[in-house]
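Here's the structure we're looking at; comments come further down.
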Amino acid sequence: MTAKQHQVYDHYFFNESAYDYHDGGYVKLEEPDVPASRLNIPAILAPDQETDTDVWYTVSAQTGETQLLPGEKTKTWGYNQSLLGPTIVFESGKNYHVTLKNDLPELTTFHWHGLDVPGPYVDGGCHAPVYPGKPRKIDFTVNQPAATLWLHAHPCPLTGWDVWHGLATAVVVKDEHEAQLPLPRNYGVDDIPLILQDRRFDEHNQWDYDKDYDPDGTAGPTALINGTVNPYFDVTTQKLRLRILDGSNRREWRLHLSDDLEMAQIGSDGGLLPEPVYLTKLMLTCAERDEIVLDFEQYHPGDEVTLYSDDVPIMKFRIHEFKADPTPLPDHLADVDYPEVEDPNAPIHQVVMSGTDEEVEINGRKFGMMRIDDRQELGKAEYWDITNTNDCCGGMIHPYHTHGGSFKVVSRNGKAPYPNELGYKDTIGVNAGETVRVKMRFNYPGVFMYHCHIIEHEDGGMMAQLQVYTQDHPHKKYRLMDMDTLLQELAKERHCQPDELVIRSLEYYKEHGIDMC
Ligand SMILES: [Cu+2]
C-alpha cells in the first residue's frame with residue numbers, strides 16, 4: 001500500500017465508556033487566558049565526557065522557579081534546570097555512566113522508563129533512593145531499538161508528588177537502523193518531543209499537589225506542553241516528527257488536529273512500528289509514547305494548524321516557508337521480532353487490576369515494598385494476562401506498565417491488538433472489563449515493579465514486583481527499601497516525626513492499618 005492509498009483510522013481505539021471524563025472528579029481542560037508562547041524545546045543533555053564507546057552524564061534533581069504564567073514565577077522541580085529537563089540521548093550499543101545527584105530537600109529516585117537495564121538499582125524504582133547531597137553512580141549498556149523513553153522520579157509512595165513538581169524528561173534512543181530511514185530527525189527543527197501534562201495554578205501561580213490530590217489521579221485544568229502554557233511551534237519543514245509522551249499523573253490525551261489533518265504514527269513506546277499507521281484521532285494513556293509524522297504540504301506561510309485534546313485547543317503550529325519534501329514515508333519501518341514462548345504449558349502470569357480511588361489493588365493486594373509477588377526466569381519469554389476488573393460503565397482504563405523491558409501485545413480479550421500496538425510496548429491501557437495478553441521476556445535480572453501508571457494508583461498500592469532470576473542464582477537476595485526506613489528518612493528531611501508526614505497516598509493505608517513494608 002503506498003502512502004497515497006493507505007487506510008486512515010478516524011476513531012480512538014479505546015472504549016469510550018471508561019474514558020477519564022466519566023470520572024466524578026474529572027478536571028476538564030480549559031483554554032488558558034494568556035498570550036501564546038513559543039514551545040519550549042528542551043536542550044540535549046551534554047555529556048561530561050565521551051569516547052567512541054562510552055559516555056558520561058550527570059543528572060541533578062533540583063528545585064527552582066519557572067516563569068510559566070505572566071506575573072509570579074512557579075516553584076518547580078526539574079533535572080539540571082528548574083522544570084522538567086534536557087532531552088537525554090542514548091545510542092544503542094554504547095556504555096553509559098550516569099551520576100545521579102539530588103539537590104532537592106528530600107530523597108528521590110531516577111527511573112528510566114522503557115530502558116532495558118538491570119533492576120532494581122539501575123532501573124531506579126523505589127529501591128534506589130538518592131539522598132540529598134549523596135550522589136549515586138550507575139553504569140549500563142544501552143542495547144535496544146531506537147525509541148522515545150523518559151526519565152521520571154519513582155520514590156513510591158511519592159511518585160505523584162515528585163512528577164507533579166516537574167521531575168520528568170524525555171529520553172531518545174538512537175540506533176543504526178532508524179538512522180538510515182527517510183524520517184525527520186533534525187532535533188528541535190523537524191523532530192521534537194511533546195511532553196503533555198496538566199496542572200492547576202493557584203492565584204499566586206503556584207501548584208499545590210496536596211490540595212489537588214485525587215486518589216484516582218491528580219489533574220489540573222491547564223495543559224502544559226514541555227512546560228509551556230499555550231504554546232506554538234514555528235513550522236519550517238514540510239514534515240514534522242512529534243515524539244509525544246503522556247507525562248501526566250492521570251490525564252488521557254485524545255489528540256486530533258484542525259482540518260482533521262492526518263497523523264502518520266511511526267512509533268510507540270519501544271520504538272518503530274512495523275509500518276506507519278495513519279489516523280486522525282490518537283489517544284494516549286498515562287506514560288505511553290507515540291511518535292507521529294505530520295505533513296504540512298497543503299498549508300502556506302501564515303496558516304495555523306491547531307492541536308486539540310478532546311475539544312480544547314492545546315497547541316498551535318504556525319506555518320512558515322518550507323522546502324517541498326515529497327519523500328514518502330517508508331511502507332516498512334522495522335522488523336518487530338519477539339521471542340516465542342518456548343513452553344506452551346508454562347503458567348500464564350496473572351495481573352488483576354481492581355478497584356478505583358483508594359481501593360485499587362493488584363491481585364487482591366496493595367503494594368508491599370519488601371514482597372516479591374511473581375518470578376520469571378531471565379531470557380525466557382512467557383505470557384502475562386493483564387486484567388482490569390472495573391465495570392465497563394463505572395470503571396476506568398488502567399494503563400499497565402512493567403519495568404524491565406518491553407513486551408509484545410498478543411491480544412485484547414482474545415481479539416487482535418489495536419493497529420498502533422504492533423511494536424514494542426512497555427505501557428498499555430487496559431479497558432474496563434478487559435484482559436490484555438502480552439508476551440514478555442526479561443533481558444536483565446533483578447527486582448522490577450509492575451503497576452498502573454495513573455500515578456496516584458501506583459502510589460496508592462496498585463503495584464506489585466517481580467524477581468527476574470537466573471538458573472545460577474534462583475534466590476538471589478537484593479537489598480530492598482522498606483517503608484519504615486523510607487518514612488524515617490523522609491521525616492528527618494522534612495524535620496518532623498514519621499507519623500506527622502503528610503503523604504496523601506498513604507492515608508488509606510494508615511486508616512485501614514495496612515502494612516506497606
Ligand atoms: Cu489505575
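FYI, side chains are in, hydrogens and waters are out, and symmetry mates aren't considered; it's all heavy atoms of this structure. Read the numbers this way: they start at 1 and go in the same order the structure lists the ligands and their atoms.
- Around the Cu ion (ligand 1), protein N, O or S atoms at less than 2.8 Å number 3.
- The pair Asp202-Arg200 fails the salt-bridge criterion, with no side-chain N (NZ, NE, NH1 or NH2) lying under 4.0 Å from an Asp/Glu carboxylate O.
- Contacts classified as salt bridge (Lys or Arg N to Asp or Glu O under 4.0 Å) and involving residues 448-459 (residues at least two apart or in different chains) are not found.
- Scanning for side chain to side chain donor-acceptor pair (under 3.5 Å) contacts around Arg250 gives Asp23, with sequence neighbours left out.
- Using modelled atom types, one finds no donor on one side chain facing an acceptor on the other under 3.5 Å when comparing His475 with Gln467.
- Not counting sequence neighbours, the partners of Glu421 by the side chain to side chain donor-acceptor pair (under 3.5 Å) test are Arg412.
- For the ring-ring contact (aromatic ring centres under 6.0 Å, His included) test with Trp112, the passing option among Phe90, Phe448, Tyr444 is Phe90; the others fail.
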